> 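First the structure, which I've put down as structure tokens, then a few questions once you've had a look.
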Amino acid sequence: MPRPEKKSPTPVQNARDAAYRHLSAHAERYPDLLPQEINSGDLDARDASLAHAIADASIRRWRTLEFILESVSGHQSHELEPRMRGVLLGGAAQLLLLDRVPPHAILDESVSWAKRHIRHGAGGMVNAVLRKVAQVRGEHLPQPWEHHTDSIPLSEGGSLALNGIELPEHGRRRLGIACSLPDALLRRWETLYEDPTSAAMHTILKPPTIVCTKYASTIDEDAPLAPHDSPDHRVFEGHRQELLTLLRANEDLWVQDPASSSTLSNLKLDTAPERVIDLCAGHGTKTRQLRAMYPHAEIIACEIDKNRLQSLNIQFRDNPQVRVVPAKGLDERAIAWASLVLTDVPCSNTGVLSRRVEARSRPIDAQIKRLVATQREILKQASTLLEPGGTLVYATCSIEVEENEAQAQWASEELGLDLIDLQRVDAIGQPGDEPKSYRDASFAAYMRAPSAKAAEQI
């Protein structure tokens with residue numbers, strides 16, 4: 001008997017439809033969210049931008065919003081069906097966090113969406129709950145949030161007064177609700193920083209788009225690039241299409257945060273490497289940096305993800321200096337081949353949670369246990385690719401010790417690598433700060449394989 005034909009999903013109708021579908025899909029996996037691009041269909045640029053704004057605000061402040069939703073409704077969010085959870089979350093984000101959005105439009109479209117995509121009776125619940133959320137919104141306070149129980153911090157600075165709702169009295173739980181971070185993560189950060197408030201507040205920022213200009217031959221004076229505190233970077237201030245046009249026209253410009261670029265720009269080598277392997281090339285950002293730093297080196301860029309591998313092939317197809325190879329495609333000819341190996345490993349992303357909003361709620365302890373094992377396998381492979389005396393750079397965008405200093409120490413003890421230096425870059429930026437001062441966090445360890453003579457002595 002033939003299987004029934006699957007119905008094609010209905011086209012995206014408007015910005016809220018796109019955002020609510022996206023959030024409903026995330027609600028099925030929460031808190032272990034995946035990095036997924038929102039489907040904005042054929043929406044024009046303005047509506048697509050609104051859809052992205054709703055989704056971003058909802059995911060960035062998921063825990064904050066659901067605390068408020070649960071307070072006014074009496075319903076536990078995790079007990080709701082995903083579509084109900086998605087529409088309530090998106091509606092609350094607009095009512096509380098987005099300016100210049102008429103409340104009546106939010107309510108009308110949210111109710112209509114619930115009737116169409118959940119069931120007719122769902123509209124009544126959405127209407128009742130979101131009307132209560134609208135009443136919670138108080139005035140915008142210019143002063144920064146300082147652990148107040150009657151307000152929440154805002155990404156752009158200042159805080160939003162809450163009517164009729166109090167945040168928890170317990171300090172860590174209050175900070176977790178205010179900044180939408182899980183208790184387990186803040187407990188870790190208390191050990192790392194003693195007071196995790198600054199690190200937590202950094203994660204609610206909407207990060208600027210920062211362009212690395214260090215290797216640019218020329219920069220168009222008319223390009224929408226503003227100064228950054230790092231002289232090697234600029235802040236992009238235009239629209240997305242302008243950015244794409246700028247990058248296509250200037251191969252020596254790319255989007256990269258100063259914390260990311262510092263991993264390689266702070267690398268000290270006596271001689272330029274002849275053969276380089278970027279073992280976890282990802283989107284190719286650091287591969288491009290390696291190419292600019294060492295224009296005479298032969299570079300192999302590796303990646304395990306098929307989509308990223310395809311993107312790398314397209315990006316470097318006309319560049320004979322860079323050869324793209326599947327991570328599992330390195331054969332025995334690559335053993336002891338490289339002068340320099342970069343391992344920008346998969347990590348918990350806790351240093352870039354303002355950019356990786358989908359990562360902020362994941363179960364951190366279980367995630368790190370899994371990631372540490374993966375990182376060690378990558379380090380093992382990387383160590384076999386180094387020629388005698390070759391340099392290994394181990395990098396993460398995490399601030400967790402298990403993924404950073406502990407891994408470098410393990411590589412030194414278990415793999416026989418000489419630990420040369422460690423670099424921990426802390427995040428900079430608080431709500432209300434100027435974009436020119438923004439920076440992510442990162443970590444890098446610089447290690448060296450024993451020389452041929454040293455290896456013989458061993």
Side-chain angles (χ1 to χ4, degrees), residues 23 26 30-33 53-71 77 89 92-93 95-98 133 136-138 140-162 165-208 348-365 367 397-400 426-433 437-441:
L23 294 170
H26 276 308
Y30 185 84
D32 192 14
L33 305 186
I54 295 170
D56 179 83
S58 301
I59 298 170
R60 188 181 302 277
R61 306 301 292 274
W62 192 299
R63 195 168 182 225
T64 309
L65 295 169
E66 289 205 330
F67 175 83
I68 294 171
L69 285 165
E70 290 175 358
S71 298
S77 295
L89 189 72
L95 290 167
L96 297 173
L97 303 175
L98 300 187
V133 171
V136 167
R137 176 168 181 151
H140 184 283
L141 306 173
Q143 61 266 32
W145 184 80
E146 294 181 351
H147 284 266
H148 303 113
T149 59
D150 58 353
S151 63
I152 56 172
L154 296 174
S155 297
E156 62 272 20
S159 53
L160 179 71
L162 302 177
I165 287 183
E166 293 279 328
L167 299 184
E169 287 292 337
H170 184 273
R172 186 195 308 134
R173 177 162 165 73
R174 180 170 64 248
L175 181 61
I177 295 298
C179 295
S180 198
L181 293 170
D183 188 75
L185 183 60
L186 290 178
R187 191 182 300 116
R188 286 173 161 274
W189 289 3
E190 285 175 348
T191 302
L192 188 63
Y193 296 118
E194 204 169 307
D195 181 1
T197 300
S198 179
M201 293 282 279
H202 182 271
T203 72
I204 70 171
L205 291 173
K206 296 176 182 176
S348 61
N349 302 126
T350 54
V352 292
L353 290 181
S354 63
R355 296 190 189 278
R356 296 293 304 275
V357 293
E358 80 286 345
R360 57 191 301 117
S361 299
R362 291 173 184 164
I364 187 67
D365 294 328
Q367 185 188 22
C397 54
S398 165
I399 59 176
E400 311 309 314
D426 289 326
I428 295 177
Q430 295 291 285
D433 288 354
S437 65
Y438 180 93
R439 185 179 72 192
D440 292 330

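Remember, predicted model here, so these are calculated numbers, not experimental data.
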> Quick one: closest heavy-atom pair of Leu167 and Leu162, and the distance?
CD2-CD1, 4.2 Å

> Taking the side chain as every heavy atom from C-beta outward, state whether Pro431 and Pro144 have any atom pair closer than 4.5 Å.
no

> Quick one: do Asp56 and Lys206 make a salt bridge, cutoff under 4.0 Å?
no

> Classify the ring geometry of Trp62 against His26: parallel below 30°, tilted from 30° to 60°, perpendicular beyond 60°.
perpendicular

> With side-chain hydrogen bond (donor to acceptor under 3.5 Å, both in side chains) as the test, would you mind laying out the steps for Glu194 and Trp189 before giving the verdict?
CA-CA 7 Å; Glu194 204 169 307; Trp189 289 3; over 6 Å; no

> Under 4.0 Å between a side-chain nitrogen and a carboxylate oxygen: does that hold for Arg173 and Asp183?
no

> Ignoring hydrogens, what is the shortest heavy-atom contact between Ala93 and Ser58? Give both atom names and the distance.
CB-OG, 3.2 Å

> For residues Glu400 and Leu185, determine if any side-chain heavy atom of one lies less than 4.5 Å from a side-chain heavy atom of the other.
yes

> Between Thr149 and Arg174, is any pair of side-chain heavy atoms under 4.5 Å apart?
yes

> Could you tell me the separation between the CZ atom of Arg356 and the SG atom of Cys397, rounded to the nearest 0.5 Å?
7.0 Å

> Could you state the interatomic distance from CZ (Arg188) to CG (Asp365), rounded to the nearest 0.5 Å?
4.5 Å

> Nearest 0.5 Å please: distance from the CD1 atom of Ile177 over to the CG atom of Leu65.
10.5 Å

> Measure the shortest side-chain to side-chain distance between Thr64 and Leu96 over non-hydrogen atoms and say whether it is less than 4.5 angstrom.
no

> For the OG atom of Ser180 and the CZ atom of Arg60, what is their distance to the nearest 0.5 Å?
10.0 Å

> Salt bridge or not between Arg360 and Glu358? Use side-chain N to carboxylate O under 4.0 Å.
no

> What distance separates His147 NE2 from Asp195 CG, expressed to the nearest 0.5 Å?
5.5 Å

> Return the CZ to CG distance between Arg61 and Leu181, rounded to the nearest 0.5 Å.
9.5 Å

> Tell me which one of Ile204, Leu154, Leu160, Leu175 satisfies side-chain contact (heavy atoms from CB on, under 4.5 Å) with Trp145.
Leu175

